[in-house]
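Structure first, then comments.
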Amino acid sequence: MSDSASPAAFPVHISKEEWRRRLTPEQYAVLFEEGTERSCTSPLNDEKRAGTYVCAACHAPLFTTDAKYESGTGWPSFFQPVPGSLGTKKDFKLFWPRTEYHCARCGGHQGHVFDDGPEPTGQRFCNNGVALRFVPESEPLPPLVD
């Protein structure tokens, strides 16, 4: 994962106004204002089919179901991202620093990564469900947004 958060560092350059038009208010708040959805509200928590989780904004593949697990946190959780799909930055919004991760293509905030996940990585990528779109294995991935 790259440690990058500057908008110029992302290949997709879409204005905040355009993202607002393309996304729901909740998606926009999470993806581009670094919000957090309420725990246990995402239907993706119960998603068990084989497939790929893509960024809800630009459709970049971020996780596969092979890396998903039940963390008990109330958010979709993964132990490993698709290689090269995420960037990170330090988040100081709480009392202690956390590592925030975002889509490496559009910069959309996805969630936070913690070192309490299962093997083989020991990491827990705790993702906002509204920041993802699930694509079943039987369907083609959506085209990437440019």
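Values below: all heavy atoms of this structure, side chains included; hydrogens, waters and symmetry mates excluded.
In this structure, T52 contributes its side chain and V135 its backbone to no donor-acceptor pair below 3.5 Å. A donor-acceptor distance shorter than 3.5 angstrom exists from the side chain of N128 to the backbone of E37, with no hydrogens or angles considered. With hydrogens and angles ignored, the 3.5 Å screen pairs no side-chain donor or acceptor of S71 with any backbone N or O of Y69. Judged purely by atom type and a 3.5 angstrom limit, N45 uses its side chain to pair as donor or acceptor with the backbone of G74. Of the possible polar contacts, one joining the E47 side chain to the R49 backbone as a donor-acceptor pair under 3.5 Å is found. Under the 3.5 Å distance criterion, the side-chain polar atoms of K16 are left unmatched by any main-chain donor or acceptor of Y28.
The only member of F125, F63, F134 that meets ring pair (Phe, Tyr, Trp, His ring centres under 6.0 Å) when paired with Y53 is F134.
Y101 and H109 have their aromatic ring centers separated by at least 6.0 angstrom. Ring centroid separation for the pair F32 and W19 comes in under the 6.0 Å cut-off.
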Exercise for the section: Starting from the C-alpha separation in whole Å, work towards a yes-or-no answer on side chain to side chain contact (heavy atoms under 4.5 Å, CB included) for R105 and C55. Expected result: CA-CA 9 Å; R105 284 192 80 246; C55 174; over 6 Å; no
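When all heavy atoms of P120 and F79 are compared, the pair lying nearest together is CD-CE1, 3.6 Å. Looking at every heavy atom in both residues, L141 comes nearest to P61 through CD1-CG, 3.9 Å. When all heavy atoms of S85 and L62 are compared, the pair lying nearest together is OG-O, 3.5 Å. Between V30 and A131 the shortest heavy-atom distance is CG1-CB, 4.1 Å. In plain terms, the two heavy atoms of C58 and V12 that are nearest each other are CB-CG2, 4.5 Å. In plain terms, the two heavy atoms of H59 and L144 that are nearest each other are O-CD2, 3.5 Å.
Using a 4.0 Å cut-off between charged side-chain N and carboxylate O, E18 and R22 make a salt bridge.
Hydrophobic clustering (ILVMFWY, side-chain heavy atoms < 4.5 Å, transitive): F114 and W75 are in distinct clusters. Clustering ILVMFWY residues whenever any of their side-chain heavy atoms sit less than 4.5 angstrom apart, transitively, puts F78 in the very cluster that holds L44.
In this structure, L132 CG and N127 CG are separated by 4.0 Å, a value rounded to the nearest 0.5 Å. Going from atom CD of E137 over to atom OG1 of T64 covers 10.0 Å, rounded to the nearest 0.5 Å. Note that the CD atom of Q110 and the CG atom of L86 stand 7.0 Å from one another [nearest 0.5 Å]. Considering OG of S77 and CD of Q123, their distance stands at 12.5 Å, rounded to 0.5 Å. Rounding to the nearest 0.5 angstrom, the gap separating the CZ atom in R20 from the CD atom in E33 is 6.0 Å. To the nearest 0.5 Å, atoms CG (D115) and CZ (R124) are separated by 10.0 Å.
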